[in-house]
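Owing to the predicted nature of the structure, the values given are computational and were not obtained by experimental measurement.
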Amino acid sequence: EVQLVESGGGLVQAGGSLRLSCAASGFTFDDYAIGWFRQAPGKEREGVSCIKMSDDSTYYADSVKGRFTVSSDNAKNTVYLQMNSLKPEDTAVYYCAAVWWVAGPEPPRAEYEYDYWGQGTQVTVSS
């Protein structure tokens, strides 16, 4: 059974940092892509970043480029999202998602391309 468990969310002041973790189990980690998405109150869920595990290729949304970094620890089957210089508009529930992805040149960016989802972790950035 595929499982994704996010952790690391919390309350932080603007300008601060948080590191989210996505612990994965039930599948061959190297054959998948992991995406990070977020949903703010009253808004659609949006893609933040993603990583293709086979070659560590990554993608970042323009809104987080230069501030967020996605990485992985294959030995721990865990993907991280390091979030620096946080802004109040980063406040959202953050989700990680997984999809089997070995052929595509880049990790998938769209929500509909992902098959498995975690439960989400709340990130609140105060001004």
query: How close do Pro105 and Asp55 get, heavy atom to heavy atom, and via which atoms?
result: O-OD2, 4.4 Å
- request: Output yes when a side-chain donor or acceptor of Gln39 lies under 3.5 Å from a complementary backbone atom of Ala92, and no otherwise.
  value: no
field: Minimum heavy-atom distance between Gly47 and Ala61, given as atom pair plus value
entry: O-CB, 3.5 Å
Just list the side-chain donor-acceptor pairs under 3.5 Å for residues 18-35, sequence neighbours left out, or say none.
{"residue": "Asp30", "atom": "OD1", "partner": "Asn74", "partner atom": "ND2", "Å": "2.7"}

message: Under the rule for salt bridge (Lys or Arg N to Asp or Glu O under 4.0 Å), what residues qualify as partners of Lys43, not counting sequence neighbours?
response: none
- prompt: Looking at Asp56 and Ser72, what are the two nearest heavy atoms and their distance?
  reply: OD1-OG, 3.8 Å
- prompt: Do you know which two heavy atoms are closest between Pro108 and Tyr114, and how far apart they sit?
  reply: O-OH, 2.6 Å
field: All ring pair (Phe, Tyr, Trp, His ring centres under 6.0 Å) counterparts of Trp117, not counting sequence neighbours
entry: Phe37
- prompt: Which ring pair (Phe, Tyr, Trp, His ring centres under 6.0 Å) pairs, counting each pair once, include a residue from residues 56-90, with sequence neighbours left out?
  reply: none
field: Pairs involving residues 74-87, ordered by first then second residue, that meet salt bridge (Lys or Arg N to Asp or Glu O under 4.0 Å) (sequence neighbours left out)
entry: none
message: Tell me if a side-chain donor or acceptor on Thr91 pairs with a main-chain N or O of Val125 at a distance below 3.5 Å.
response: yes
query: So Tyr95 and Leu4, side chain to side chain contact (heavy atoms under 4.5 Å, CB included) or not? Walk me through it.
result: CA-CA 9 Å; Tyr95 301 88; Leu4 300 169; over 6 Å; no
message: For residues 90-108, which residue pairs pass the salt bridge (Lys or Arg N to Asp or Glu O under 4.0 Å) check, not counting sequence neighbours?
response: Arg38-Asp90, Arg67-Asp90, Glu106-Arg109
- prompt: Do the side chain of Glu6 and the main chain of Gln119 share a donor and acceptor less than 3.5 angstrom apart?
  reply: yes
message: Let me check something: do Tyr116 and Val102 share a hydrophobic cluster, defined by ILVMFWY side-chain heavy atoms less than 4.5 Å apart, either directly or through other members?
response: yes
- prompt: Is Leu81 reachable from Trp101 through a run of I, L, V, M, F, W or Y residues, each pair having side-chain heavy atoms under 4.5 Å apart?
  reply: no
Linked, directly or transitively: Leu86 and Val64 (ILVMFWY side chains, under 4.5 Å): yes
query: Are Val79 and Cys96 side-chain neighbours, meaning at least one heavy-atom pair lies under 4.5 Å?
result: no
